[in-house]
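Values in this document were obtained by computation on a predicted structure and should not be read as measured data. So you know, we letter chains A, B, ... as the sequences are listed, proteins then strands, and number each from 1.
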Protein chains: 2
Amino acid sequence: MKIGELATLTGVSVRSLRYYESQGLITPVRQANGYREYSPLAVETVETIKLYLNLGLSTEQISGFLHCVLRNKEAFCAEVMPLYESKLADIERQLLELNQIKHNLKERMASIMQEQGGKQIDNTSE
Amino acid sequence: MKIGELATLTGVSVRSLRYYESQGLITPVRQANGYREYSPLAVETVETIKLYLNLGLSTEQISGFLHCVLRNKEAFCAEVMPLYESKLADIERQLLELNQIKHNLKERMASIMQEQGGKQIDNTSE
DNA sequence: GTTGACCTTAACACTGGTGTCAGGGTTTAT
DNA sequence: ATAAACCCTGACACCAGTGTTAAGGTCAAC
């Protein structure tokens, strides 16, 4: 199938499909006219790429284990677990940072509300 | 004082001080030789900018109320509270997203551990 | 009068996946 | 044979603050 068809089937833009190729994630054959020709299996490949992108992995990281997970169960691919672990640590770090900012924001908001206490502003929020 | 001195006093790079100026956050006078000349009050201004940047506000947002909060209490500046509220909503949205990813990651990790539980971790791999 | 520390503006790089042009070739259907 | 609908590569824009470099002006000390 051609790139436009694959894009329609997967919901991924033509632009993104070309980008994935440039990152080594998917390699269609080329027809005589230069057009990319995708195997029907490419649909599953793209769906798999989407899955890992949604987990916050980069295309570079995905390229390290994609061909393995396409042929085996994840548990068989040794590269996956360490990536999940470091990604999880990354998420935890971001959560801490966001929660710290959230805490500071709420503190300042409370302080403002208190000073405005004389002015009686609504206050239905928590 | 000159820009290098202000940078030392505040811990903000010369590059960043110039950037803040380009964003309209601080406006030093110019000496005859073209050098920026900062008032001693600039130290407090920069510290205030740092504070709001650390709350996740952009320089553009800060520019909207900086001159007010430098002269009054935050509660007096009407622009602040709506910004805090929208920023808080933004943080909450990011927290939800990160927690969703974290949940998915942990689920997949658990699934892998389970599959590896059955067999040996051995595997001289492919 | 020269060295070195400081200042100036301007500009590119970075992060990374995606949108969007520009400029041009191919195919298909009418 | 021409128009519509595809395809191709290459490149800029985006977010937004900071690092870094280039090319050059100013000033103080020795």
**OP:** Tell me yes or no: between the side chains of Tyr35(A) and Arg30(A), is some donor less than 3.5 Å from an acceptor?
**Re:** no
Original post:
Are side-chain N/O atoms of Thr48(B) and Thr45(B) paired as donor and acceptor at under 3.5 Å?
Top reply: no
Subject >> Earlier contact from the 5' end, DNA chain D, for Ser58(B) and Lys2(A) >> reply: Lys2(A)
Check: [X] side chain, [Y] main-chain N or O, donor-acceptor pair, under 3.5 Å:
X         : Y         : value
Asn72(B)  : Cys68(B)  : yes
Gln61(A)  : Leu83(A)  : no
Glu74(B)  : Ile112(A) : no
Arg71(A)  : His67(A)  : yes
Lys106(A) : Ile101(A) : no

Subject >> Crowding at CD, Glu79(B) (>12 non-hydrogen neighbours, <6.0 Å) >> reply: yes
Subject >> Flag if over 12 foreign heavy atoms under 6.0 Å of CD, Glu44(A) >> reply: no
Just the rounded figure in Å: distance from [atom2] of [N] to [atom1] of [X].
X        : N       : atom1 : atom2 : value
Ile3(A)  : dC8(D)  : CD1   : C1'   : 10 Å
Leu25(B) : dA16(D) : CG    : P     : 14 Å
Lys50(B) : dG17(D) : NZ    : C1'   : 15 Å
Leu53(B) : dT18(D) : CG    : P     : 6 Å

**OP:** Scan residues 32-45 of chain B against DNA chain D and write down, sorted by residue number, each residue with any heavy atom closer than 4.0 Å; if none is found, say none.
**Re:** Asn33(B), Tyr35(B)
Original post:
Counting only non-hydrogen atoms, which of residues 8-24 of chain A are less than 4.0 Å from DNA chain D?
Top reply: Arg15(A), Arg18(A)
**OP:** Go through DNA chain C in 5' to 3' direction and return only the first and the last nucleotide with some atom under 4.0 Å of chain B's heavy atoms.
**Re:** dC6(C) to dA11(C)
Subject >> Salt-bridge present (Arg36(B), Glu5(B); N to O < 4.0 Å) >> reply: no
Subject >> Candidate list Thr59(A), Leu57(A), Leu25(A), test side chain to side chain contact (heavy atoms under 4.5 Å, CB included), partner Tyr52(A), passing option >> reply: Leu57(A)
